[in-house]
Structure formats: structure tokens, C-alpha cells
Amino acid sequence: MLTILFDGIAYGMLLFILAVGLAVTMGLMNFINLAHGAFAMVGGYITVLLMQRLDVPFLVCLPLAFLGSALLGGVLERTLYRPLYHKPHLDQVLFSIGLTFMAVASVDYFIGSSQQNVQLPEWLKGRTELGEGAWMLGMGHYRLFIIAVCAALTVALQYVLAKTRFGSRLRASVDDQRVAAGLGINVNMVFLGTFAVGSGLAGLGGALGAEVLGLDPSFPLKFMIYFLIVVAVGGTSSITGPLLAALLLGIADVAGKYYIPKMGGFIVYGLMIVILVWRPQGLFVRQGGKS
């Protein structure tokens with residue numbers, strides 16, 4: 001039971017890093033970017049290709065995956081996304097879904113449709129077991145590494161959004177762009193930086209999750225629903241809600257697939273429905289923020 005709980009927490013933390021960028025763009029920037037999973041796929045393929053073809057160490061690939069995805073996100077924000085900020089949400093959905101299918105087709109054409117494998121360093125392989133019997137805790141070294149990295153990123157992200165000048169400028173830009181611009185805030189640069197960081201976090205999540213979730217061209221479509229569940233259940237006005245939602249989803253998914261394999265998906269969607277009936281706007285809603 002403890003091992004299932006541990007694996008569920010690791011899975012949930014990974015889902016949070018993958019989905020937090022979507023929560024930021026939807027909640028703070030009011031833009032529905034369903035191509036978010038494509039940036040995660042980019043980060044995963046950057047890691048795989050660097051390791052397989054250039055023998056770059058795994059720990060070096062992680063920041064490179066973040067930077068590569070962030071750079072791509074920044075370029076697309078300036079060229080494709082920005083003109084759609086004030087368009088209806090349906091236009092944003094259709095555009096981002098089309099971009100997702102284009103990314104899937106491009107990766108399939110240039111790299112191939114086969115599943116990609118990540119060769120982890122030796123110190124990240126294996127597991128440590130504590131206790132005995134039903135209370136034995138088996139901790140996979142790589143999952144423990146995922147929890148540590150994602151926890152550090154969560155603390156850093158919360159600090160940036162709540163305690164720094166950039167976070168204050170972002171909140172001001174979201175609440176009223178005209179007033180923020182009148183106060184001398186460069187709203188376009190704030191949104192550019194936010195979108196790039198969100199894309200970079202998705203890429204880092206894709207790099208970390210390539211070994212756990214698998215990596216192939218269908219990755220953005222396969223996990224799109226999970227990202228949306230995390231954002232819908234957790235709410236889009238803070239990162240606390242998506243974090244809690246990701247942990248609940250991760251634990252429920254792992255436990256459901258272990259105890260009731262044929263009903264694993266039903267448990268996840270059932271939990272989502274119950275929470276949304278209870279709190280339609282998500283677990284956490286910032287007072288005065290956009291709905």
C-alpha cells in the first residue's frame with residue numbers, strides 16, 4: 001500500500017510539472033492552449049536524441065530540454081499565439097488542436113513512430129525497500145528523483161508568482177492589461193516570459209516522464225485529457241489547486257490500475273466528476289480573479 005502511495009505521488013508530481021504551464025496560460029493569461037502537450041513531447045525528444053546520438057549525460061539533457069521547449073514556446077508566442085489572445089476561446093481551441101496534430105505528424109515523419117527509450121544513469125536505477133509485509137515501502141530511485149525535482153520546482157514557481165516583482169506584474173497584467181500598461185509594465189514581455197517558462201516546464205516534464213510515461217508521436221494526444229483534468233479539477237487561479245489535483249489524480253490512477261485494472265480509467269474520471277460537481281470552478285479560486 002505504501003509503495004502504491006509513493007508511486008502515485010511520483011506520478012502526480014510529474015503530471016503537475018507537465019500541466020502547470022497549461023494552468024498558467026489558461027488561468028493567468030486566459031488562453032486555452034491545447035497544444036501544451038506538444039511542448040512536453042519536444043522536451044522528451046530533445047532528451048532522447050541528445051542521449052542517443054550525441055551521448056549527452058541525462059542530467060545535462062534536462063536543462064537543455066527546458067531551454068529548447070522554452071525557446072520554441074517564446075518563438076511561437078510572438079508569431080502565432082499572440083494574435084489569438086483576444087479571439088474567442090473556440091478559435092484558440094481549434095488553432096491549438098491543429099497545431100498539436102501538425103506536431104504529431106512532423107515527429108512521426110522526421111523521427112518515426114516507434115517508442116523511444118531513455119537509458120537512465122546507474123544511480124537512478126533500482127529501488128530501496130523499507131519495512132516488511134503490507135507496510136513495506138518500495139522506493140524506486142528514479143521516482144524519488146522525480147519527486148525531489150518536482151518539489152523543488154513547485155517551491156520555486158510558487159515563490160516567483162507570489163513574492164517577486166515579475167509575479168506582481170503578471171497578476172496586474174492579467175487583471176487589467178490597459179491599467180498595467182499605463183503603469184509602465186510591458187505586458188507583451190510579461191506574457192512572452194510566462195508562456196516561454198510554461199512551455200519550458202512542459203518540456204522538462206516530458207524529459208522526466210519519457211521513461212515513466214513512454215514517448216512516441218502520439219504523446220500530446222494521449223495525455224491531453226490528463227492535463228485538462230489537472231487544470232479543471234485544481235482550478236486555474238493558482239498553482240496550489242493543480243498540485244493537489246495532480247496528486248489526487250496520480251494516486252487514484254496508480255491505485256486503480258493496481259487494485260482494479262479494468263476500471264482504472266473509471267476511477268479517475270469518476271473522481272473528476274465528483275470534485276467538479278462539488279466545486280465547479282476547481283479546488284482553489286483566487287478572489288477577484290477571472291472565472
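Computation of the quantities below employed the complete heavy-atom set of this structure, encompassing side-chain atoms and omitting hydrogens, waters and symmetry-equivalent molecules. Because the structure is a prediction, the values reported are computed rather than measured. Sequential numbering from 1 along the given sequence is applied to the chain's residues.
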If every non-hydrogen atom of [X] is compared with every non-hydrogen atom of [Y], which pair is closest and at what distance?
X	Y	value
Ala207	Ala65	CB-CB, 3.8 Å
Val118	Met51	CG1-SD, 3.9 Å
Met41	Val104	CE-N, 4.4 Å
Leu62	Leu204	O-CD1, 3.7 Å
Thr100	Pro220	CG2-CB, 3.7 Å
Phe66	Val197	CE1-O, 4.0 Å

- Query: Are Phe219 and Phe223 close enough that their ring centers fall under 6.0 Å?
  - Reply: yes
Report the distance from atom [atom1] of [X] to atom [atom2] of [Y], rounding to the nearest 0.5 Å.
X	Y	atom1	atom2	value
Phe39	Leu76	CZ	CG	5.0 Å
Ile9	Leu14	CD1	CG	13.5 Å
Tyr81	Gln92	OH	CD	10.5 Å
Leu71	Ser199	CG	OG	10.5 Å
Ile97	Met224	CD1	CE	5.5 Å
Asp253	Asp7	CG	CG	11.5 Å

Are [X] and [Y] grouped together when hydrophobic residues (ILVMFWY) are joined by side-chain heavy atoms under 4.5 angstrom apart?
X	Y	answer
Val75	Ile46	no
Leu94	Leu80	no
Leu247	Leu5	yes
Met272	Val277	yes
Val274	Leu248	no

Quick one: are [X] and [Y] in side-chain contact, heavy atoms under 4.5 Å?
X	Y	answer
Leu59	Phe145	yes
Ile251	Tyr11	no
Asn33	Leu99	no
Thr164	Arg169	no
Pro242	Phe16	yes
Val268	Leu249	yes

Surrounding [atom1] of [X] (heavy atoms of other residues, nucleotides or ligands, distance under 6.0 Å), is the total greater than 12?
X	atom1	value
Lys125	NZ	yes
Phe101	CZ	no
Trp278	CH2	no

- Task: Please assess Gln116 against Tyr45 for the test side-chain contact (heavy atoms from CB on, under 4.5 Å), listing each intermediate value before the final yes or no.
- Result: CA-CA 8 Å; Gln116 302 294 325; Tyr45 273 100; 3.7 Å; yes
So does [Y] get a backbone contact from the side chain of [X], meaning a donor-acceptor N/O pair under 3.5 Å?
X	Y	value
Glu77	Arg82	no
His36	Leu18	yes
Ser218	Leu221	no
Tyr142	Leu208	yes
Ser96	Val93	yes
Thr25	Phe195	no

- Query: With ILVMFWY side chains joined below 4.5 Å, transitively, what does Leu192's cluster contain besides itself?
  - Reply: Met189
- Message: Quick check on side chain to side chain contact (heavy atoms under 4.5 Å, CB included): which of Leu153, Leu161, Thr154 does Leu157 satisfy it with?
- Response: Leu161
- Task: Assess whether side-chain contact (heavy atoms from CB on, under 4.5 Å) is satisfied between Leu124 and Leu144, documenting all intermediate values.
- Result: CA-CA 9 Å; Leu124 286 177; Leu144 189 62; over 6 Å; no
- side-chain contact (heavy atoms from CB on, under 4.5 Å) evaluation trace for Tyr85 with Phe191: CA-CA 10 Å; Tyr85 282 162; Phe191 280 2; 3.9 Å; yes
- Query: Can you name the residues that form a ring pair (Phe, Tyr, Trp, His ring centres under 6.0 Å) with Phe6, not counting sequence neighbours?
  - Reply: none
- Task: Check the pair Val48, Arg53 against side-chain contact (heavy atoms from CB on, under 4.5 Å), reporting the backbone distance first and the verdict last.
- Result: CA-CA 8 Å; Val48 168; Arg53 302 184 182 183; over 6 Å; no
